[in-house]
Amino acid sequence: MNGPLSIATIVVALVLAVWYLVRTALDRPPGNLDLWAMLGLGALVAVLVVVAVVGLFVGDRPAEWTTFVGYLITTVGFAPVAVYLARLEPTRWGSLILGVAALTLPVLVLRLQQLAEVTGG
Amino acid sequence: MADPPTPAPARPRDAALGSGLGRVLLLVYGIFALSASARALVQIATHFSEAPLAYLLSAFAGLVYLAATAGLALGGARGRLIALTSCTIELLGVLIVGTLSIADAVAFPDDTVWSHYGSGYGYVPLVLPFIGLWWLRHNRPR
């Protein structure tokens, strides 16, 4: 796992989460910019996942590598699913969907880092 | 970013269970359905004998979350009933397992979603059934 990239992803996700929660509190539906921002975060996450997958082939495999791969698949699919659901819900709750997703992604990235640190040798 | 302010329309009575806040719940229940069942699958497949009770409970919790997700997504009388049943089981589960995991730590050497009232998951498993049940009540057919 790439440290700086992970941290950048987490920071961006948390900043976006605050923004989406403010939007929810103001009773605003997700606008185009909100949806694109989530897709941008998704792209950042996708880069992180690609780096991790390359790491699986060149570096040490994590001890629990099946779990690791499961988390990778979930993580990469997360932002697109959130955008899909948010587009179905053009109300304040659509903004909350994006907010929940932006709060969950840092957890997934942290879990991935934890799993990557324990290598099977 | 100059969206026109949108007036909050009253929620129509026949609005689907899985829309509005229901769609947020759908996402959160989906996350828990996935994480609890995936966790249980890995635990049971790799080291079942270490803590069979905890792992079976993980699997059970996963199924309950799956049922709640499906109920919310289905909607209608049947979906409501499924969601209501699974949210109730979920509430009992998190309270009973949460209490047992603190009282009898030996029986729970490995964590489940419901151990310690879901502290490993930011206590979301404890709060979620209350929101779910409130939402179902809020949307009861009149």
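Within every chain, numbering begins at 1; the chains are lettered A, B, ... in the order of the sequence lines, protein sequences first and strands thereafter. Predicted, not measured: the structure shown is a model, and the values here were computed from it.
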- [ ] Please name all residues satisfying salt bridge (charged side-chain N to carboxylate O under 4.0 Å, His left out) with Glu90(B), sequence neighbours left out, ordered by chain then number.
- [x] none
TODO: Please check if Phe130(B) and Leu136(B) belong to a single hydrophobic cluster, counting links between Ile, Leu, Val, Met, Phe, Trp and Tyr side chain heavy atoms closer than 4.5 Å.
DONE: yes
Open item on the list: Quick check on Tyr84(A): does its OH atom have over 12 non-hydrogen neighbours (other residues, nucleotides or ligands) under 6.0 Å away?
Closed with: no
TODO: Below 4.5 Å from any heavy atom of chain B, which atoms of Tyr71(A) appear? Answer side chain, backbone, both or neither.
DONE: neither
- [ ] Taking all non-hydrogen atoms of both residues into account, name the closest pair between Val24(B) and Trp93(A) and its distance.
- [x] CG2-O, 3.4 Å
Task: Min side-chain heavy-atom separation Val107(A)-Tyr121(B) under 4.5 Å - done: no
Open item on the list: Working to the nearest 0.5 angstrom, can you tell me the gap between Thr104(A) OG1 and Leu27(B) CG?
Closed with: 6.5 Å
Open item on the list: Test of understanding: clusters of I, L, V, M, F, W, Y form through side-chain heavy atoms closer than 4.5 Å, transitively. Do Phe78(A) and Leu44(A) belong to the same one?
Closed with: yes
- [ ] Find out if a path of hydrophobic residues (ILVMFWY) with successive side-chain heavy-atom gaps under 4.5 Å connects Tyr65(B) to Leu74(B).
- [x] no
- [ ] Calculate, to the nearest 0.5 Å, the distance between atoms OG1 and CG belonging to Thr91(A) and Leu21(B) respectively.
- [x] 9.0 Å
TODO: Examine Val124(B) and Leu103(A) and state if one hydrophobic cluster contains both, with Ile, Leu, Val, Met, Phe, Trp and Tyr joined whenever side-chain heavy atoms are less than 4.5 Å apart.
DONE: yes
Task: Whether Arg23(B) side chain and Leu88(A) backbone form a donor-acceptor pair below 3.5 Å - done: yes
Task: Part of Leu41(B) lying under 4.5 Å from any heavy atom of chain A - done: neither
